[in-house]
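Data block below; observations after.
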Amino acid sequence: MHLYRSHNCGELTSSNVGNTVKLSGWVDRKRDHGGLLFIDLRDHFGVIQIVVDNDNKFFKLCEDTRLESVITVSGKVVKRSDDLINKKLSTGEIEVSIENYIIESSSEILPMPVSGEHDLGEEVRLRNRFLDLRRPSMQKNMLLRSKIISSIRNKMISAGFHEFQTPILTASSPEGARDFLVPSRLNPGKFYALPQAPQQFKQLIMASGFDRYFQIAPCFRDEDARADRSPGEFYQLDMEMAFATQDDVFNTIEPVLSELFSEFSDWKITSNPFPKITFKEAMLKYGTDKPDLRNPLEICDVTEAFLHEKVTFKAFKEQINKGAVVRAVAAFNVVDRPRSFFDKLNAWAQEQGQPGLGYILLSDGEAKGPIGKFLSKESIEIIKKKTETKDGDAIFFICNKVKEAESFAGKARMKIAEDMDIIEKNVFKFCWTVDFPMYELDESTNNIIFSHNPFSMPQGGMEALENKDPLDILAWQYDIICNGVELSSGAIRNHRTDIMEKAFSIAGYTSEDLKSRFGALYNAFKYGAPPHGGIAPGIDRIVMLLANEPNIREVIMFPMNQQAQDLLMDAPSKIENNQLKELSLKVNSIDKLKK
RNA sequence: GGGGAUGUAGCUCAGUUUGGUUAGAGCGCCGGCCUGUCACGCCGGAGGCCGCGGGUUCGAGUCCCGUCAUUCCCGCCA
């Protein structure tokens, strides 16, 4: 018989009754009855009950074995009598009566519970991640992650893509997020950067004549964390296609995502093709470029209704005269809600730093509510028509400068729907946000800057760059959204050096800037580059959605905490002086350093 | 960098509103009892810098100031 096991802890059934088996695993739980002792033995595959009588020579040893110790037992598989069957366990019809017992590795007193599902503090979980990961829910998440990645690889390969690795030690890129830097020993004073994404490499792969590239790519960005943003590093399904239009990219990635989501979830999924919403429309109707379409409420502009001469609502009128707009969120069938429903929303708005959340209630053909009395018949008609509301509905108003109004209306839309409990459940709602603007105005400097990726192809190409107002130019740039979570940005790239120079010059860069900052790409594109485009959905976020976890750390094996510290490995850590010396580095104000 | 929440036993938390005897519970741990449990049960015990520092007070887990840590959000994330 094998040194450690003949079976795993999850596979034995009543068909094995009478067999002598050997099992290894962790002591999940013990129930000591003095004359009789039960051990729940757990491994990756399941849990099985081991039973020992007190006339067994191993009884005392079993009693003394601490939880989470690793043991090897052998014994006979015994059928449990009908009244002793445990239906919660797949192995619940049987148990193993031990004939031999070996402690492979005994456990000290645990710093946190392992068996059972407990709410535990993040810190203790991360510091003892190897224990945390033993818990069935974490085993399940990690397995899901593995299967998702494997499935993605299969789908991409069968769609004609090839996986290539790109460098981890590369050059710092001037655009985008803060880089993680790595000092070079052989080149004193110079630094590598970890890639924020393999963006330039994948475009170089296209310029190198490969047709369809993908990679489960590690990406590194030194930015602050969020619940859905792991600090430091994350993974993307990075992909790029030669001779591709925007629709080609959509038609390629949509089936991958929808098949993936239906493979790993029972929830309803948006059918292909996913709806496409322009950036402009998204900002108006949803107040964000990542609309959560599970929420049926929409925003619309009703500025016009408040301009009417008979409207006496000065608070809005004065702001409108200064250039503000009024956005409305219509909430259907809320007339019977208690006053507290509206008061709570108003209080919430004030917590958000707003003056409040004004509303009207349509009832008996009239507009009631705090703002109702200021409105004229005509203006109410305009509002009803624009918001498509009727008696029984309420309309909430937000008046502010366009950007602020959009953003707060977006928040209010979600908050109102949450309070109404009308956000659709158990469903994945996908959409594309398309037609992002190529440029935007930097409000602090009044300069025109790239609004997203400077390598996106402007819609209309050179002609648009030469003739249009830069702020009106759209880019072949798109995001894919699921339930309000941005899974990825992508773009059709600018593969023409002449259009690139023009595009950069509009944002205030000279052709020398372009060459020095993005020399490799610029150079490569001088010698014949295919039109190309791609996208890079975030793997961690996909797994998070499919695992239905609210926090991305639940689907990452060894995540860092919010301060970008690995509590298990104690990273980042101090290094020896001779290491610094070898790298020609000196650390300033060392007394300020923590620990 | 800014804002909110939290910080009490190894773990999860109560106690803080209204300052007042020796700071409690469950799990875990140690000891005892228990032959059918499966979150086993029962009895007993150990375990506390109430995050840290300062202040107010006769007296501070509780009030005030500061600070640190964890977390969520804003900024940031082409």
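Chain A is the first sequence line, chain B the second, and so forth, proteins listed ahead of strands; every chain is numbered from 1.
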Where the side chain of A:Ile109 is defined as all heavy atoms beyond and including C-beta, which of B:A78, B:C29, B:C38 is the nearest nucleotide?
B:C29
Inter-nucleotide C1' distance (B:G47, B:U6), Å rounded:
24 Å
Look at the side chain of A:Arg221 and the base of B:C77, then say whether one donor and one acceptor between them are separated by less than 3.5 Å.
no
Measure from the side chain of A:Asn561, starting at C-beta and using heavy atoms only, and say which of B:C29, B:U37, B:U71 lies closest.
B:U71
Regarding A:Arg125, tell me which of base, sugar-phosphate or nothing describes its non-hydrogen contacts under 4.0 Å with the strands shown.
nothing
A:Ala227 side chain: which of B:U37, B:A78, B:C73 is closest?
B:C73
Begin from the C-alpha positions of A:Glu486 and A:Arg229 and carry the test salt bridge (Lys or Arg N to Asp or Glu O under 4.0 Å) through to its verdict.
CA-CA 11 Å; A:Glu486 179 188 319; A:Arg229 203 160 87 205; over 6 Å; no
Counting only heavy atoms not in A:Lys79 (residues, nucleotides, ligands), do more than 12 fall under 6.0 Å from its NZ?
yes
Considering only NZ, NE, NH1 and NH2 on the basic side and carboxylate oxygens on the acidic side, decide whether A:Lys502 and A:Asp498 come within less than 4.0 Å.
no
Phosphate OP1/OP2 of B:U71 contacted by A:Asn551 side-chain N/O (<4.0 Å)
no
If we count only N and O atoms by modelled type, under 3.5 Å, do the side chains of A:Gln459 and A:Asp435 hold a donor and an acceptor together?
yes
When every non-hydrogen atom of A:Glu117 is compared with those of A:Pro136, the smallest separation belongs to OE2-CD, 3.9 Å
What integer distance in Å separates A:Asp32:CG from B:U37:P?
15 Å
Between B:C72 and B:G54, how many Å separate the two C1' atoms, rounded to a whole number?
29 Å
Under 3.5 Å, is there a donor-acceptor pair linking the side chains of A:Gln49 and A:Asn86?
no
Residue pairs passing the salt bridge (charged side-chain N to carboxylate O under 4.0 Å, His left out) test with at least one member in residues 42-53 of chain A, sequence neighbours excluded, are A:Arg5-A:Asp43, A:Asp28-A:Arg42, A:Arg42-A:Glu68
Between B:G51 and B:U57 - P atom distance, rounded Å:
23 Å
Shortest non-hydrogen contact from A:Ala207 to A:Phe525?
CB-CE2, 4.2 Å
Starting from P on B:C72, measure out to CD on A:Glu549 and report it in whole angstrom.
13 Å
Aromatic plane relationship, A:Tyr509 with A:Phe450 - under 30° parallel, 30 to 60° tilted, over 60° perpendicular:
parallel
Expressed as a whole number of Å, how far does the P atom of B:G61 sit from that of B:A46?
22 Å
Over 12 foreign heavy atoms within 6.0 Å of CG, A:Asp83:
yes
Take the protein atom CD of A:Glu123 and the nucleotide atom P of B:C72, then report the distance between them rounded to whole Å.
13 Å
Look at A:Gln562 and B:C72 and indicate whether a side-chain polar atom (N or O) is within less than 4.0 Å of OP1 or OP2.
yes
Short of 4.0 Å, heavy atom to strand atom, which residues of residues 494-519 of chain A count as contacting RNA chain B?
none
Does the gap between the ring centers of A:Trp476 and A:Phe250 come in under 6.0 Å?
no
Is A:Arg178 near enough to B:G1 that one of its side-chain N or O atoms lies under 4.0 angstrom from OP1 or OP2?
no
Parallel, tilted or perpendicular for A:Phe455 and A:Phe504, by the 30°/60° rule?
tilted
Derivation of the side-chain contact (heavy atoms from CB on, under 4.5 Å) call for A:Arg125 and A:Met138:
CA-CA 11 Å; A:Arg125 291 180 58 199; A:Met138 292 304 285; 3.6 Å; yes
Could A:Asp32 and A:Lys30 be called an ion pair, given the rule that one side-chain N must be under 4.0 Å from one carboxylate O?
no
Quick one: A:Asp28 CG to B:U37 P, roughly how many Å, whole number?
19 Å
Contact check, residues 399-419 of chain A vs RNA chain B, heavy-atom distance under 4.0 Å, returns none
Residue pair A:Arg493 / A:Ile535: nearest heavy atoms and the distance that separates them:
NH2-N, 3.9 Å
Dump the pairs, protein N or O against N or O of nucleotides 2-11 of chain B, anything under 3.5 Å, distances to one decimal.
residue : atom : partner  : partner atom : Å
B:G10   : O2'  : A:Pro111 : O            : 2.9

Check whether any side-chain N or O of A:Gln563 sits under 4.0 Å from OP1 or OP2 of B:U70, and answer yes or no.
yes
Please measure how far the P atom in B:U22 lies from the corresponding atom in B:U18, and state the result in whole Å.
24 Å
If you count heavy atoms of other groups shown closer than 6.0 angstrom to CE of A:Met462, is the number above 12?
yes
Spacing of A:Ile50 atom CD1 relative to B:U37 atom C1', expressed in whole Å
14 Å
Looking only at atom C1', what distance separates B:A14 and B:G48, rounded to whole Å?
15 Å
Would you say A:Gln565 reaches B:U70's phosphate, i.e. side-chain N/O to OP1/OP2 under 4.0 Å?
yes
Assuming nearest nucleotide by heavy-atom distance, tell me which of A:Asp224 and A:Gln199 is located more 5' along RNA chain B.
A:Asp224
Indicate whether the side chain of A:Ser24 and that of A:Thr72 have a donor and an acceptor atom separated by less than 3.5 Å.
yes
Hey, does the side chain of A:Arg29 come within less than 4.0 Å of B:C40's phosphate (OP1/OP2), counting only N and O?
yes
Pairwise P distance for B:G15 and B:C58, with rounding to whole Å:
29 Å
Which one of A:Gln215, A:Lys202, A:Gln199 satisfies the side-chain hydrogen bond (donor to acceptor under 3.5 Å, both in side chains) criterion with A:Thr166?
A:Gln215
B:G36 and B:U17, which share atom name C1', separated by this distance in whole Å:
50 Å
OP1 or OP2 of B:U35 versus the side-chain N and O atoms of A:Asn54: is any pair under 4.0 Å?
no
Mind calculating the distance between CZ (A:Arg127) and P (B:A69) to the nearest angstrom?
12 Å
Taking only the side-chain heavy atoms of A:Leu67 (C-beta and beyond), determine which of B:G28, B:U37, B:C77 contains the nearest atom.
B:G28
With a 4.0 Å limit, can you tell me whether A:Arg31 has a side-chain N or O closer than that to the phosphate oxygens OP1/OP2 of B:C34?
no
Residue-level proximity of residues 77-96 of chain A to RNA chain B when a heavy atom falls under 4.0 Å
A:Arg80, A:Leu84, A:Asn86, A:Lys88, A:Glu95
Rounded to the nearest Å, what distance is computed from the CZ atom of residue A:Phe59 to the P atom of nucleotide B:U35?
9 Å
List RNA chain B stems (3 or more consecutive Watson-Crick/G-U pairs, under 3.5 Å)?
B:1-7 with B:68-74, B:10-13 with B:24-27, B:29-33 with B:41-45, B:51-55 with B:63-67
From the options B:A78, B:C72, B:G36, select the nucleotide whose nearest atom is closest to the side chain of A:His33.
B:G36
Rounded to whole Å, how long is the line connecting atom CG of A:Leu36 with atom C1' of B:C34?
10 Å
Return yes when atom OH of A:Tyr192 has more than 12 non-hydrogen atoms of other residues, nucleotides or ligands closer than 6.0 Å, and no otherwise.
no
